[in-house]
**Q** 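What follows is a single structure, and I will ask about it in a moment.
Sequential numbering from 1 along the given sequence is applied to the chain's residues. Values reported hereafter were calculated over all heavy atoms of this structure, with side chains retained and with hydrogens, waters and symmetry mates removed.
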Amino acid sequence: MLSINVLAKESNVKLNSNQLTGKSAKRKIFILFAKCTKLLSLQGLFLALVSGIFYSLSAYFVKDLDNLSAGQIAVYRSCFLFAVTLPQAVKLKKNVFGRKKGDRLQLFVAGVAGTFNLILSYFAFKYLPLGVGSVTTNCSPFITTIISRIFLKEPCGVMQSITVALTF
């Protein structure tokens with residue numbers, strides 16, 4: 001009930017408790033969810049576009065910085081990211097090392113893998129033509145689908161199989 005009221009407030013639809021009962025309630029809730037879904041899909045499309053622009057700018061600047069190595073650029077990026085996200089974590093009183101001790105090993109391994117991903121992507125941008133470097137670094141959905149099927153035993157449907165076959 002609370003989530004419906006929050007969605008109504010976000011989409012500027014006025015609801016009271018009488019409107020959430022009866023036959024017309026399902027229709028009003030359906031319209032409300034349709035409006036929110038439409039807004040969220042447009043917001044997601046916009047954010048994906050902005051993400052692509054920033055990815056391209058990042059690749060360009062990595063390619064253009066001749067006097068810094070890929071590792072140095074990764075250190076600067078990580079320091080900036082740390083400086084931006086730490087105040088938010090402190091404000092929300094989140095434990096940056098994970099809630100449980102078991103999370104810490106997984107966070108460490110994810111951090112090491114992410115660091116290698118970042119540095120190797122920067123090396124690709126530095127030493128390959130920008131288009132080839134971008135295509136190479138964007139093969140991750142293909143690789144992730146295969147690894148998740150092999151190691152995590154996740155189901156691989158027809159659509160995923162077609163996508164993997166087309167990308168390969």
**Q** If every non-hydrogen atom of Ala74 is compared with every non-hydrogen atom of Ile119, which pair is closest and at what distance?
**A** CB-CG1, 3.7 Å
**Q** Would you say the side-chain atoms of Thr115 pair up with the backbone N or O of Gly111, donor to acceptor, closer than 3.5 Å?
**A** yes
**Q** As an exercise, state the distance from CZ of Phe108 to CG of Asp103, rounded to the nearest 0.5 Å.
**A** 15.0 Å
**Q** Roughly how far, to the nearest 0.5 Å, is the OH atom of Tyr122 from the NZ atom of Lys63?
**A** 14.5 Å
**Q** Looking only at non-hydrogen atoms, find the nearest pair between Lys126 and Ile73 and report the distance.
**A** CE-CD1, 4.0 Å
**Q** Drop me the distance from Leu86's CG to Gln88's CD, to the nearest 0.5 angstrom.
**A** 10.5 Å
**Q** In terms of heavy-atom contacts, does CZ of Arg77 have more than 12 from other residues, nucleotides or ligands at under 6.0 Å?
**A** no
**Q** Please say yes or no: joined through hydrophobic side-chain contacts below 4.5 Å, possibly via intermediate residues, are Leu128 and Leu57 part of one cluster?
**A** no
**Q** Could you tell me whether a side-chain N or O of Lys93 sits under 3.5 Å from a main-chain N or O of Val90, the two making a donor and an acceptor?
**A** no
**Q** Check whether Leu105 and Leu152 end up in the same hydrophobic cluster, where Ile, Leu, Val, Met, Phe, Trp and Tyr are linked by side-chain heavy atoms less than 4.5 Å apart.
**A** no
**Q** For the CD1 atom of Ile146 and the CD1 atom of Ile150, what is their distance to the nearest 0.5 Å?
**A** 6.5 Å
**Q** Is there a continuous path of hydrophobic side-chain contacts, each under 4.5 Å between heavy atoms, that joins Tyr55 to Val84?
**A** no
**Q** Tell me whether Ile53 shares a hydrophobic cluster with Phe61, the cluster being built from Ile, Leu, Val, Met, Phe, Trp, Tyr side chains joined at under 4.5 Å.
**A** yes
**Q** Heavy-atom count check: over 12 atoms from other residues, nucleotides or ligands less than 6.0 Å from Gln106 CD?
**A** no
**Q** For Phe54, does its backbone N or O pair with a side-chain atom of Ser58 as donor and acceptor, under 3.5 Å?
**A** no
**Q** For the residue pair Leu68 and Tyr76, what are the closest heavy atoms and their distance?
**A** CD1-CE1, 4.3 Å
**Q** Between Ser134 and Phe125, is there a side-chain heavy-atom distance shorter than 4.5 Å?
**A** yes
**Q** Would you name the heavy atoms of Ser78 and Leu118 that are closest together and state the gap between them?
**A** OG-CD2, 4.4 Å
**Q** How many angstroms lie between CG in Asp64 and CG in Leu130, if you round to the nearest 0.5 Å?
**A** 10.5 Å
